[in-house]
Amino acid sequence: MDRVLVCSAWPYANGPIHVGHVTGSLLPADIFVRFNRLIGNDAIMVSGSDMHGAPITVSADKEKVSPEKVARRYHDLNSKAIEMLGISFDLFTHTHTKNHESVVSEVFLELQEKGHLKRMTTSQYYCGECDRFLPDRYVDGTCPHCESANARGDQCDVCGMDLDAKDLKDAHCQLCGCVPDLRDTEHIFLKLPDFTDSLKAYVESCRHWRPHVRSFTLNVLEEGLTDRPITRDISWGVPVPVDSYDTKRIYVWFEAVIGYLSATKEWAAASSDSTSWERFWKDSSCRSYYFLGKDNIVFHTIIWPAILTGIGGLNLPYDVVANQFMNLGGQKFSKSMGVSINIPDLLTKFQPDVIRYYLVANMPEFKDSEFSWDDFAQRTNSELVATYGNFVHRAMSFTYKNFHTIPSRGPLDDRDKAAMKRISDAGEAVARSLSKCEFREALRSLMDLAQFGNQYFDSVAPWTLVRSDKARCGTVLHVSLEMCKALAVFGCPFLPFSSERIWTDLGMEGSVEAAGWKGFEVPLKEGASLKKPVPLYAKVDMSAAGGFARYSMLNLRVGKILSVEPHPNADKLYVMKVDVGRPITIVSGLKDYYTAEELSGKTLIILTNLEPAKLRGVKSEGMLLAAEDAERLALLTPEKDLAPGTQISSGLEAADKQISYKEFQKLDMRVGVLAELSPPKIDIGGKAVGCEVAGGVAGEKYAALVLDDSALVMHGPDGVKIVFDRDIPAGARIR
RNA sequence: AGCGGGGUGGGGUAGCUUGGAAAUCCCAUCAGGCUCAUAACCUGAAGAUCGUUGGUUCAAAUCCAACCCCCGCUACCA
């Protein structure tokens with residue numbers, strides 16, 4: 001039996017956790033610890049919310065509540081989400097506890113005792129108005145490198161240079177705008193250079209680390225370490241156990257990593273043996289794994305090991321499993337599902353295992369990955385639902401219909417034996433990958449088994465056997481159910497909820513967790529009665545899910561009119577050539593409203609995926625959007641000039657599929673006057689409804705997509721909204 | 001500009017650390033099968049000079065160099 005301590009980076013209690021936190025640290029840590037428990041290792045997982053630091057203070061100031069209240073709120077929210085997602089912490093605590101404070105104090109004093117700390121006086125900006133020292137990032141000014149006016153004290157966003165706030169020109173306080181003055185202040189520094197040699201030797205020896213983690217760390221060490229301040233002039237944080245430091249607090253980056261140790265102690269204190277933390281920190285055979293995102297590497301491969309080396313006697317990280325980033329791109333929010341990528345929100349719409357599946361399948365283990373709703377739906381439906389879920393369901397429901405119990409297993413032929421072999425092979429493959437922290441690969445092996453299950457089921461064709469040889473049919477079903485059981489066991493680290501359900505539905509005793517990895521060899525109970533199976537997962541339907549999804553059938557683009565000709569066979573029609581990224585022909589009935597000269601060169605909004613139709617003998621390949629009431633007509637146009645061909649997707653995922661005119665007519669688009677801003681309301685002709693809009697000016701008229709009692713303001717990239725070229729009353733229909 | 005990631009069949013990707021018969025998986029396409037299952041599953045086919053140019057080598061998607069493009073880092077910071 002091995003001993004394993006699993007640590008997951010501490011989410012910051014300044015907002016709800018999102019897919020990035022989960023895929024970067026919480027989920028891999030959970031999968032890893034679940035796997036270790038299943039194979040019988042002595043494993044625990046601890047972490048908690050990082051409650052301190054300036055951003056929380058700022059949020060609190062804005063809301064006019066205490067920092068503690070803000071931090072608590074998100075800690076509670078996130079703890080609940082973490083639990084619902086099935087992240088199986090032995091302890092998920094936070095850093096605002098007495099225990100943490102005292103452990104941090106001990107560590108601090110121990111380092112001081114051993115001479116690894118020193119005091120130095122530096123000058124820092126102090127804002128007289130706010131009556132506080134300003135962290136670098138709360139000082140604004142002109143960048144000394146590129147002269148751009150909006151640089152922050154820690155970094156210039158324009159040229160990207162790291163800055164020292166003292167170098168900024170025209171420094172002013174970001175919070176109140178006053179000019180701060182420089183004041184001397186004393187701080188305590190950790191003498192990191194003391195540890196350079198031992199850290200180098202340590203990192204050199206860690207050949208099992210992911211290559212980018214190791215080389216990045218060696219690189220930093222090579223560039224040289226400097227003393228780092230571990231105290232700050234702030235009021236929200238862990239007190240400094242030193243006289244005359246009562247107006248200062250310990251800097252979060254120093255204090256939060258110590259949380260791993262304090263959390264283990266807190267876990268031990270709550271158990272029957274309060275010294276049990278020692279077996280995870282002092283027993284040198286215990287391996288500690290840290291799961292985090294790449295921005296956190298130095299804290300775990302340099303600073304935390306330096307602190308641990310400084311106090312001595314405690315295990316250094318065995319592995320620092322850093323993930324890259326899951327980029328969220330423009331997909332922070334799904335308009336169609338009405339759901340954002342934060343976890344509490346996602347959990348209201350999707351089963352935890354569905355979320356877990358996608359986040360593992362797309363985990364940024366070795367390079368950045370991209371979150372997209374499309375991909376989410378596609379992978380869920382074609383992999384988890386169609387391959388895994390469907391196999392389990394077809395095997396169970398066929399058995400249920402024809403036997404109602406677990407059929408007994410007769411003699412196995414070669415194909416059956418190969419299938420049984422395939423089960424144990426799959427288990428080994430999954431275990432091999434998981435022990436190397438290669439989660440995608442492990443999941444792949446699991447899915448391969450599910451696919452094999454489908455192949456086996458097809459090849460033995462129980463629906464034929466049931467009529468010709470019922471005993472044989474029972475045998476192949478028995479083997480199929482063995483595969484389901486194996487999927488439950490091997491899939492348990494990834495899909496714990498599904499696993500337990502399969503296990504129970506198969507009539508197995510206890511739980512997968514209790515049975516452990518070897519549970520796949522526990523025989524099925526022949527004759528055990530089955531309940532009527534219910535599919536494990538439902539398909540994710542992004543388009544039918546209501547909301548504004550229906551509007552995503554429109555492929556709207558900016559179009560520039562190239563030429564206008566009168567229609568040869570009609571009085572009211574024009575034939576126009578329009579550039580929508582490609583030249584197309586459009587026939588439209590504008591003759592009563594616009595002259596050819598007025599139209600020529602205009603920039604409009606064109607529906608580009610309308611089924612082409614012949615209008616009086618001329619083929620029209622699209623349609624321009626216009627608002628009209630009884631006597632007036634106005635054309636839709638972007639409020640700012642956009643290049644022809646630019647998508648006007650309103651934040652939805654525009655389709656390419658052609659739509660019929662009939663389908664188009666079902667949609668309700670209107671002219672709306674933005675009535676109020678917060679919360680935004682829009683008047684769509686006699687009634688004001690809630691709407692979604694980015695920016696916007698009250699009193700202005702915008703094109704709105706209407707759905708029952710809500711509206712979405714039509715917009716292109718960067719929130720460029722769609723307006724009208726002539727005045728037209730609110731409520732006019734857009735066609 | 002800096003930092004980070006990447007450019008592999010129509011789209012999305014695996015493989016690259018430890019070079020070896022040209023390549024994984026999902027989707028889309030085409031053809032077939034099955035009818036137990038959530039229009040699902042199974043089989044087969046078509047389709048890629050592995051960003052460009054040089055280099056190392058008996059051999060390069062894989063190593064080296066240069067270049068060209070894309071994306072994220074404007075905080076829901078893992």
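Lettering follows sequence order; numbering is per chain, from 1. Predicted model only: the values in this text are computed from it and were never measured.
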The single option from A/Asn323, A/Val321, A/Val6 passing side-chain contact (heavy atoms from CB on, under 4.5 Å) against A/Pro28: A/Asn323
Could you check how far NZ of A/Lys539 sits from C1' of B/rA39, rounded to whole Å? 7 Å
Should the pair A/Lys470 and A/Phe403 be classed as cation-pi, given the thresholds of under 6.0 Å to the six-membered ring centre and 45° from the axis? yes
How would you label the contact of A/Met326 with the nucleic acid (heavy atoms, under 4.0 Å): base, sugar-phosphate, or nothing? base
Residue whose closest nucleotide on RNA chain B lies nearer the 5' end, A/Phe398 versus A/Pro11: A/Phe398
Counting only side-chain heavy atoms from C-beta out, which of B/rG12, B/rU35, B/rG11 sits nearest to A/Gln378? B/rG11
Toward the 5' end of RNA chain B, which comes first, A/Phe457 or A/Asp448, by nearest nucleotide? A/Asp448
Pair A/Glu63-A/Lys69, salt bridge (Lys or Arg N to Asp or Glu O under 4.0 Å): steps then yes or no: CA-CA 10 Å; A/Glu63 294 181 34; A/Lys69 195 160 179 195; over 6 Å; no
With heavy atoms under 4.0 Å as the rule, sort A/Asp295 into base, sugar-phosphate or nothing. base
What contact category does A/Phe391 fall into here, base, sugar-phosphate, or nothing, at under 4.0 angstrom with non-hydrogen atoms? nothing
According to a strict under-4.0 Å criterion, is A/His21 in side-chain N/O contact with OP1 or OP2 of B/rA78? yes
Quick one: label A/Tyr537 by what it contacts on the DNA or RNA (base, sugar-phosphate, nothing), any heavy atom closer than 4.0 Å. base
May I ask you to evaluate whether A/Gln324 reaches the phosphate of B/rA78, defined as a side-chain N or O under 4.0 Å from OP1 or OP2? no
When rounded to whole Å, the CG to P distance for the pair A/Asn390 and B/rC36 reads 13 Å
Donor-acceptor contact below 3.5 Å, side chain A/Arg214 vs main chain A/Glu204: yes
Using a heavy-atom cut-off of 4.0 Å across all strands, would you classify A/Pro535 as base, sugar-phosphate, or nothing? base
Is there a side-chain polar atom (N or O) of A/Gln451 under 4.0 Å from OP1 or OP2 of B/rC42? yes
Separation of B/rC26 atom C1' from A/Met447 atom CE, nearest Å, is 10 Å
For B/rG4, the Watson-Crick or wobble counterpart (both distances under 3.5 Å): B/rC71
